[in-house]
Amino acid sequence: DVKVTQSSRYLVKRTGEKVFLECVQDMDHENMFWYRQDPGLGLRLIYFSYDVKMKEKGDIPEGYSVSREKKERFSLILESASTNQTSMYLCAIGRAGSTDTQYFGPGTRLTVL
Amino acid sequence: DQQVKQNSPSLSVQEGRISILNCDYTNSMFDYFLWYKKYPAEGPTFLISISSIKDKNEDGRFTVFLNKSAKHLSLHIVPSQPGDSAVYFCAASGDNAGNMLTFGGGTRLMVKP
């Protein structure tokens, strides 16, 4: 079974705080993705990584950064959290060079007060 | 501009009847399409996919139809069960390297007993 874990299921932070969301996989997949899900907007890609230390901007990278120091871990960082970053954050993994499915973690519901 | 659209935000059907969820896309480079199912507070789970070389793919109660000329796909669930109540996301890929997906906004399906 594919296993993608995320560091927290629910998180409450204050405006201006630095927030770290971590994603860990046990499938040795090359690609890792961070999305946010908002009602009516579907899943929007924030950043993705296709290899260690490599990263690419997705559709909505503003206000976020990422880190991938090891193949199995992909971190999403909110340098200074704002209320409009309240959302469900989803990590996904996938194989390189394939139009194959992505496998998702359980998600982190982040609330920024 | 959304390249993948699910125009019905919600759908309600009676248990035992057919559920039809629709999805339209604009990018003619898409060649692989997927449906994901998402329960509240969980990550999306892969349901079924179809390659552009096919027009139909069936897996148990789930069938996906692809009409390339109309840039339209649909997911049929027969018979619908209360456990099918969830948000369904359509996704597409193929116009980029790796396995990046573009998601629709989702349709909330409610199956009434």
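What you see below is based on every heavy atom in this structure, not just the backbone, and it leaves out hydrogens, waters and symmetry mates.
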Contacts with chain B made by residues 55-91 of chain A (heavy-atom distance under 4.5 Å), listed by residue number: Met88(A), Leu90(A)

Shared hydrophobic cluster for Val111(B) and Ile20(B) (ILVMFWY, side-chain gaps under 4.5 Å): no

Neighbour count >12 (heavy atoms, 6.0 Å) for atom CZ, Arg44(A): yes

Check: Phe89(B) and Gln37(A) side chains under 4.5 Å, non-hydrogen atoms: yes

ILVMFWY network linking Ile77(B) to Phe65(B), side-chain heavy atoms under 4.5 angstrom: no

Heavy-atom check, side chain of Thr45(B) versus side chain of Phe104(A), under 4.5 Å: no

Hydrophobic cluster membership, Leu75(B) vs Ile18(B), 4.5 Å side-chain cutoff: no

Sequence neighbours excluded - disulfide (SG to SG under 2.5 Å) pairs with any residue from residues 40-78 of chain A: none

Joint hydrophobic cluster, Val24(A) plus Leu21(A), side-chain heavy atoms closer than 4.5 Å: no

Portion of Ala41(B) that has a non-hydrogen atom of chain A nearer than 4.5 angstrom: both

Tyr36(B) vs Gln102(A) side-chain heavy atoms within contact, under 4.5 Å: yes

Atom CZ of Arg61(B) with >12 non-hydrogen neighbours under 6.0 angstrom: yes

Per-residue contact mode, Pro9(B) against chain A (heavy atom under 4.5 angstrom): neither

4.5 Å side-chain heavy-atom contact, Phe33(A) and Met100(B): yes

Co-membership, hydrophobic cluster, residues Met27(A) and Trp34(A), 4.5 Å side-chain: yes

Contact leader toward chain A among Gly105(B), Gly106(B), Pro44(B), where contacts are heavy-atom pairs under 4.5 Å: Pro44(B)

Side chain proximity check, Leu101(B) to Tyr35(A), heavy atoms < 4.5 angstrom: yes

More than 12 heavy atoms of other groups within 6.0 Å of Arg14(A) CZ: no

